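As structure tokens, the structure follows; a few thoughts come after it.
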Amino acid sequence: MIERDFFLQPTTEVAKQLLGLELISQTPEGLTSGRIVETEAYLGSDDPAAHSFRGPTSRTQTMFGEPGHAYVYFIYGMYTCINVVCGPVGTGHAVLIRALEPLEGVEVMRHRRGREKLIDLCSGPGKLTIALGISLDDDGRDLLTDKKLQLRSAEELNFKIATSARIGITKATDLPYRFYIKESEFVSRV
DNA sequence: GATTGGATCGCCT
DNA sequence: GGCGATCCAATCG
């Protein structure tokens, strides 16, 4: 079981420790889940690339709320991305979940994605929200108590963590805040 | 009130 | 490797 304090560790540490955990979504179409294999840390007012850099706005309210909640936002006119809020209330830190290794509900994911290959189901932040049926309505859910979206600690896994610059941003492109499971084939990029 | 750009993806060449 | 799709919301005036 994951405790609230888990999300009060330094945000880059949370980003690394989320690797290997299972993200679960329960909807009327069925249960879908995947192992987190890629994350990015966003550090609030210390991080020009973070949505929360310039303080709270209507979009980023949940980023400044209680840690352990889901910050879901809409991007590029057609995609949503899911983050886990980190740090004390008011700091605006979060970890973006960028890729999953599909575990449960693969057929439901195939249907939602319109793709057959496992590797195409959750290998990007916009893909995995489609595969798990996550939408803007899920913004603010508490991942420790919610019925639909949950985090589950997985069995002990042995893997190496790789680090890189974050993907798709135009500011603070030099910071090494992207983390992924080195030997995983389900990441968005190598 | 209008403009602009975005933590992406998939199809095209 | 390049670009168009598509729309919310932050920012500016």
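Worth knowing before you read on, the calculation uses all heavy atoms, side chains too, and leaves out hydrogens, waters and symmetry mates. Keep in mind the model is a prediction, meaning the values are calculated, not measured.
In terms of phosphate contacts, A:Arg178 brings no side-chain nitrogen or oxygen within less than 4.0 Å of OP1 or OP2 of B:dA7. Residue A:Ser58 places at least one side-chain N or O under 4.0 Å from the OP1 or OP2 atom of C:dA10. The side chain of A:Lys127 contributes an N or O atom lying less than 4.0 Å from OP1 or OP2 of B:dG10. Taking side-chain N and O atoms only, A:Arg113 has a distance below 4.0 Å to OP1 or OP2 of B:dG10. Contact between the side-chain N/O atoms of A:Arg59 and the OP1/OP2 oxygens of C:dC7 is not found at any separation under 4.0 Å. Under 4.0 angstrom from either OP1 or OP2 of B:dG6 there lies at least one side-chain N or O belonging to A:Thr170.
Listed nucleotides C:dA10, B:dT8, B:dG10 differ in distance to A:Arg115; the shortest reach to its side chain belongs to B:dG10.
Per the geometry, OH belonging to A:Tyr42 stands 11 Å off C1' belonging to B:dG6, to the nearest Å. Atom CD in A:Gln61 sits roughly 11 Å away from atom P in C:dA9 (whole-Å rounding). A:Arg112 places its CZ atom 18 Å from the C1' atom of B:dC9, with the value rounded to the nearest Å. When the C1' atom of C:dA9 is taken as reference, atom OH of A:Tyr71 falls 10 Å away, rounded to whole Å. Between the CG atom of A:Asp139 and the C1' atom of C:dA9 there is a distance of 13 Å, rounded to whole Å. Taking atom CG on A:Asp120 and atom P on B:dG10, their separation rounds to 7 Å, with Å as the unit. One atom, CD1 of A:Ile119, and another, P of B:dG10, lie 13 Å apart when rounded to the nearest Å. We find that CZ of A:Arg98 is positioned 11 Å from P of B:dA7, with the value rounded to whole Å.
If A:Leu136 and A:Met78 are placed on DNA chain C by their nearest nucleotide, the residue sitting closer to the 5' end is A:Met78.
Residues A:Tyr73 and A:His51 bring their aromatic ring centres within 6.0 Å.
In this structure, A:Arg166 forms a cation-pi arrangement with A:Tyr42, its terminal cationic atom sitting closer than 6.0 Å to the ring centre and no more than 45° off the ring axis. For the pair A:Arg178 and A:Tyr180, the distance from NZ or CZ to the six-membered ring centre is under 6.0 Å and the angle to the ring normal is within 45 degrees.
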Practice task
Begin from the C-alpha positions of A:Arg112 and A:Glu107 and carry the test salt bridge (Lys or Arg N to Asp or Glu O under 4.0 Å) through to its verdict.
Solution key: CA-CA 9 Å; A:Arg112 285 178 178 148; A:Glu107 286 312 314; over 6 Å; no

Problem - Intermediate values then yes/no, side chain to side chain donor-acceptor pair (under 3.5 Å), A:Thr60 and A:Ser52 - result: CA-CA 6 Å; A:Thr60 59; A:Ser52 49; over 6 Å; no

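Among the atoms of the strands shown, only primed sugar atoms or phosphate atoms (P, OP1, OP2) are found under 4.0 Å from some heavy atom of A:Ile169. Among the protein residues, A:Gly77 comes within range of the nucleic acid bases, having at least one heavy atom under 4.0 Å from a base atom.
Spacing between C:dG1 and B:dA7 at atom P, rounded to whole Å, works out to 22 Å. Taking atom C1' in both C:dC3 and B:dG5, the straight-line distance is 16 Å, to the nearest Å.
The stacking criteria are not both satisfied for A:Tyr73 over the base of B:dA7, which would need a centre-to-centre distance under 5.5 angstrom and an angle between ring planes under 30 degrees. Judged by centroid separation below 5.5 Å and plane tilt below 30°, A:Tyr76 stacks onto the base of B:dT8.
To the nearest 0.5 angstrom, A:Leu23 atom CG is 7.0 Å from A:Leu143 atom CG.
In this structure, C:dA5 and B:dT8 make a Watson-Crick or G-U wobble pair, each of the two defining distances being under 3.5 angstrom. Both distances falling under 3.5 Å, in either a Watson-Crick or a G-U wobble arrangement, occur for no nucleotide opposite C:dG13.
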